[in-house]
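Positions are given from 1 along the sequence.
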Amino acid sequence: MKHRFHTTEVGDYVLVLDDGALTGLYRLEQKHMPAASDLGERDDAAGAEVVTQLDEYFAGERRDFHLRLAPRGTTFQIMVWDALREIPYAQTMSYGELAASLGRPTASRAVGGATGRNPLSIIVPCHRLVGYSGQLIGYAGGATTKQLLLDHERRIAAADQ
C-alpha cells in the first residue's frame with residue numbers, strides 16, 4: 001500500500017493505492033479518514049494517472065474518471081458507491097431518490113451512512129447527493145467543499161452550452 005498527497009482547488013487530498021488500484025481519495029480534514037498508519041508508505045510518484053485525471057477535472061477537461069478502483073466496504077456500501085457514479089455530472093439526486101433507485105425506498109438513512117463512508121471522494125461523486133428539497137447535507141469533506149464541487153461542475157457545464 002502506498003499514498004501521496006495532492007493539492008486541488010478545493011483542498012488537500014491524500015491518495016491511497018494498493019497494487020496500483022485506488023482505494024482511497026480523502027480530503028485531509030474529512031470524517032472517516034483512515035489513520036496515518038493505515039495509509040502505507042509515502043510515494044510521491046504513486047497514482048500519477050489519478051493526479052492527472054483530478055487536474056483535468058478541475059481544469060474543466062474531464063467529467064468522468066477512468067481509473068482502476070478498489071474501494072473497501074460492505075456489499076451495501078459498494079452498491080451505493082456504484083450508484084453514485086451514475087449521477088450525471090453537474091446534477092444532483094436526493095438520498096431518497098438514490099435509495100429508491102436501489103430498490104430500497106425506505107433506506108435513505110442507510111444510503112446517507114454509506115455515502116458518508118465513501119472512500120473515493122470526487123471520483124465517486126457523493127457531492128452530487130443532496131437532501132430531499134435540494135439542501136446540502138451530509139458531506140464528509142464539509143459543506144463548503146460540497147458547494148465548491150457542485151459550483152465547479154455547474155460552471156463548467158454552463159460554459160459548454
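For A45, the side-chain contact (heavy atoms from CB on, under 4.5 Å) partners are D43, not counting sequence neighbours. Residues forming a side-chain contact (heavy atoms from CB on, under 4.5 Å) with E61 (at least two apart in sequence, or on another chain): E56, A59. The side-chain hydrogen bond (donor to acceptor under 3.5 Å, both in side chains) search around D44 returns R42, not counting sequence neighbours. Residues satisfying the ring-ring contact (aromatic ring centres under 6.0 Å, His included) criterion with F76, sequence neighbours excluded, are absent altogether.
A distance of 5.5 Å separates OG1 of T8 from CD1 of I122, quoted to the nearest 0.5 Å. I123 CD1 to L25 CG: the interatomic distance, rounded to the nearest 0.5 Å, is 5.0 Å. To the nearest 0.5 angstrom, D19 atom CG is 9.5 Å from K2 atom NZ.
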Legend entry - Check against salt bridge (charged side-chain N to carboxylate O under 4.0 Å, His left out), E49 and R68: CA-CA 10 Å; E49 184 59 24; R68 208 170 106 215; over 6 Å; no

Inset, instruction - Would you please test T7 and Y13 for side-chain contact (heavy atoms from CB on, under 4.5 Å) and show each step? - result: CA-CA 6 Å; T7 299; Y13 284 79; over 6 Å; no

Inset, instruction - Mind running side-chain contact (heavy atoms from CB on, under 4.5 Å) on H66 and D64 for me, showing each step along the way? - result: CA-CA 7 Å; H66 303 285; D64 298 301; 4.0 Å; yes

List the atom pairs, donor and acceptor, that lie under 3.5 Å between side-chain atoms in residues 102-113 and the rest of the protein, sequence neighbours left out.
none

Please list every donor-acceptor pair under 3.5 Å in which a side-chain atom of residues 77-92 meets a protein atom from a residue at least two apart or in another chain.
unit_1 : atom_1 : unit_2 : atom_2 : d
Q77    : OE1    : T74    : N      : 2.8
W81    : NE1    : A114   : O      : 2.8
R85    : NH2    : F65    : O      : 3.3

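The main-chain N or O of R62 is never found under 3.5 Å from a side-chain atom of Q53 such that the two would form a donor-acceptor pair. Judged by distance alone, with hydrogens and angles left aside, the side-chain atoms of D18 form no donor-acceptor pair with the main-chain N or O of A70 at under 3.5 Å.
In the hydrophobic cluster analysis, where Ile, Leu, Val, Met, Phe, Trp and Tyr join through side-chain heavy atoms closer than 4.5 angstrom, V14 is grouped apart from L17. L120 and L149 fall within the same hydrophobic cluster, where Ile, Leu, Val, Met, Phe, Trp and Tyr residues are linked whenever their side-chain heavy atoms come under 4.5 Å apart, directly or through other members. Grouping the Ile, Leu, Val, Met, Phe, Trp and Tyr side chains by contacts below 4.5 angstrom, directly or via other members, places L69 apart from M33. In this structure, V51 is not a member of the same hydrophobic cluster as L39, with clusters built from ILVMFWY side-chain heavy atoms closer than 4.5 Å. In the hydrophobic cluster analysis, where Ile, Leu, Val, Met, Phe, Trp and Tyr join through side-chain heavy atoms closer than 4.5 angstrom, F5 is grouped together with M1.
Proximity of S94 to L129: side-chain heavy atoms (C-beta onward) are nowhere separated by under 4.5 Å. Counting only heavy atoms from C-beta outward, the side chains of I156 and R63 approach each other to under 4.5 Å. L54 is listed as a side-chain neighbour of H6, based on a closest heavy-atom distance under 4.5 Å. By the 4.5 Å heavy-atom criterion applied to side chains, V130 and M93 are not counted as neighbours. Side-chain contact between R72 and P119 is absent, with no heavy atoms from C-beta onward closer than 4.5 Å. Taking 4.5 Å as the limit, some side-chain heavy atom of H127 sits within range of a side-chain heavy atom of L150.
Checked by atom type, the side-chain pair E9/Y57 shows no donor-acceptor distance below 3.5 Å. A donor atom on one side chain and an acceptor atom on the other are found under 3.5 Å apart for R27 and T145. Under the 3.5 Å distance criterion, with hydrogens and angles disregarded, no donor-acceptor pair is assigned to the side chains of N118 and H32.
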